[in-house]
Q: 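Questions regarding the structure given below will be posed in turn.
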Amino acid sequence: MQKVADDPRFKRFFENMDYADVKTITADVGLRQFIAGMLSYQPWWLTGLYRVREILVKGLGLVEHDLPDGSITLKAEDISFTPGDNALFFIVRAAEEECFWIAETPPDNHLTAFFGVVTLRSEDEKSSFGVFTTVRYIHWTGPVYFNLIRPFHHLVVDRMMRAAAVTR
């Protein structure tokens with residue numbers, strides 16, 4: 001299976017980053033449907049984490065963004081592949097149908113982060129997805145903030161991927 005971070009198409013999203021992770025999952029859905037499933041996932045406990053995040057954001061003096069609307073369920077056709085378009089609070093930066101989709105978090109004063117989903121093919125031709133997160137710190141509050149949320153980041157991305165893998 002190819003390595004997402006080594007793919008030349010994604011080099012700019014991994015270069016000079018302070019943090020990067022790639023998680024993979026096998027799923028019997030298309031790329032658009034997978035992304036829609038990930039972005040639509042918002043159980044009660046995730047809403048609670050966003051509320052706790054608001055306190056952290058205020059305490060560190062970070063840019064405050066609107067909370068995601070947990071009532072929105074995206075469909076595959078709702079996912080834009082046009083750079084500059086929004087997908088919930090993300091901004092699409094690069095995309096290619098059935099190949100990859102990369103978005104950036106809104107402009108902030110503490111860090112910049114990219115979230116990408118890449119279609120992978122294994123030897124048995126099953127569809128799987130590589131989901132990556134990369135972060136570059138802009139200010140001293142960046143590593144403070146990210147290291148506080150990092151354990152939850154892993155949990156949230158894992159659960160989002162699992163929910164998207166069973167989305168029909």
Side-chain angles (χ1 to χ4, degrees), residues 4-5 10 13-14 17-27 29 31-76 78-81 85-95 100-120 128-168:
V4 173
F10 314 126
F13 300 107
F14 285 87
M17 291 295 175
D18 296 299
Y19 173 84
D21 73 40
V22 180
K23 300 172 183 346
T24 59
I25 191 168
T26 300
V29 295
L31 178 60
R32 279 180 182 268
Q33 185 65 37
F34 186 80
I35 296 163
M38 283 191 73
L39 296 181
S40 295
Y41 180 72
Q42 192 164 342
W44 66 269
W45 60 267
L46 185 54
T47 301
L49 285 176
Y50 278 121
R51 292 199 194 323
V52 171
R53 180 190 175 278
E54 280 183 37
I55 296 166
L56 181 61
V57 164
K58 286 179 182 172
L60 289 172
L62 307 179
V63 175
E64 294 183 48
H65 299 288
D66 292 335
L67 288 176
D69 183 351
S71 66
I72 294 175
T73 301
L74 298 173
K75 295 181 223 119
D78 297 330
I79 303 301
S80 175
F81 273 58
D85 280 1
N86 287 336
L88 294 181
F89 57 86
F90 290 105
I91 304 160
V92 178
R93 293 298 181 211
F100 63 88
W101 182 89
I102 301 166
E104 184 176 10
T105 55
D108 244 315
N109 58 7
H110 66 299
L111 59 76
T112 186
F114 293 96
F115 165 65
V117 182
V118 179
T119 303
L120 305 171
S128 59
F129 299 97
V131 177
F132 73 80
T133 304
T134 58
V135 178
R136 181 178 327 123
Y137 305 132
I138 299 171
H139 186 259
W140 69 266
T141 52
V144 171
Y145 168 80
F146 189 70
N147 284 307
L148 287 171
I149 69 158
R150 187 186 322 208
F152 303 104
H153 161 75
H154 292 293
L155 173 69
V156 170
V157 173
D158 178 71
R159 294 304 188 276
M160 288 171 73
M161 289 170 54
R162 289 181 192 203
V166 297
T167 302
R168 298 284 176 237

Q: I'd like to check the side chain to side chain contact (heavy atoms under 4.5 Å, CB included) partners of A5; sequence neighbours left out, ordered by chain and number.
A: F14
Q: Sort out for me which residue in T134, V131, V4, V118 forms a side-chain contact (heavy atoms from CB on, under 4.5 Å) with V22.
A: V4
Q: Mind checking what makes side chain to side chain contact (heavy atoms under 4.5 Å, CB included) contact with V144, not counting sequence neighbours?
A: L60, W140, L148
Q: Who are the side chain to side chain contact (heavy atoms under 4.5 Å, CB included) partners of H154, not counting sequence neighbours?
A: Y19, D21, K23, R150
Q: Applying the side-chain contact (heavy atoms from CB on, under 4.5 Å) criterion to F132, which one of I102, V157, V117 satisfies it?
A: I102
Q: Quick one: list whatever passes salt bridge (Lys or Arg N to Asp or Glu O under 4.0 Å) with D85, sequence neighbours left out.
A: none
Q: Going by side chain to side chain donor-acceptor pair (under 3.5 Å), name the residues that satisfy it together with T105, two or more places apart in sequence or in a different chain.
A: none
Q: Below 30° counts as parallel, above 60° as perpendicular, anything between as tilted: where do the rings of W101 and F115 land?
A: perpendicular
Q: Do you know the tightest heavy-atom contact between A113 and V135?
A: CB-CG2, 4.1 Å
Q: Under the side chain to side chain contact (heavy atoms under 4.5 Å, CB included) rule, what do L31 and F81 come out as? Steps first, then yes or no, please.
A: CA-CA 11 Å; L31 178 60; F81 273 58; 3.8 Å; yes
Q: For the atom pair CE (M17) and OG1 (T133), what is the distance rounded to the nearest 0.5 Å?
A: 11.0 Å
Q: Give me each pair satisfying salt bridge (charged side-chain N to carboxylate O under 4.0 Å, His left out) with a member in residues 31-49, each pair once, sequence neighbours excluded.
A: R32-E97
Q: Under 3.5 Å, is there a donor-acceptor pair between the side chain of D158 and the main chain of L155?
A: no
Q: Using the ring of each side chain (for Trp, its six-membered ring), is F146 parallel, tilted or perpendicular to H153, with breaks at 30° and 60°?
A: tilted
Q: Using side chain to side chain contact (heavy atoms under 4.5 Å, CB included) as the criterion, list what pairs up with I91, not counting sequence neighbours.
A: N86, R93, P107
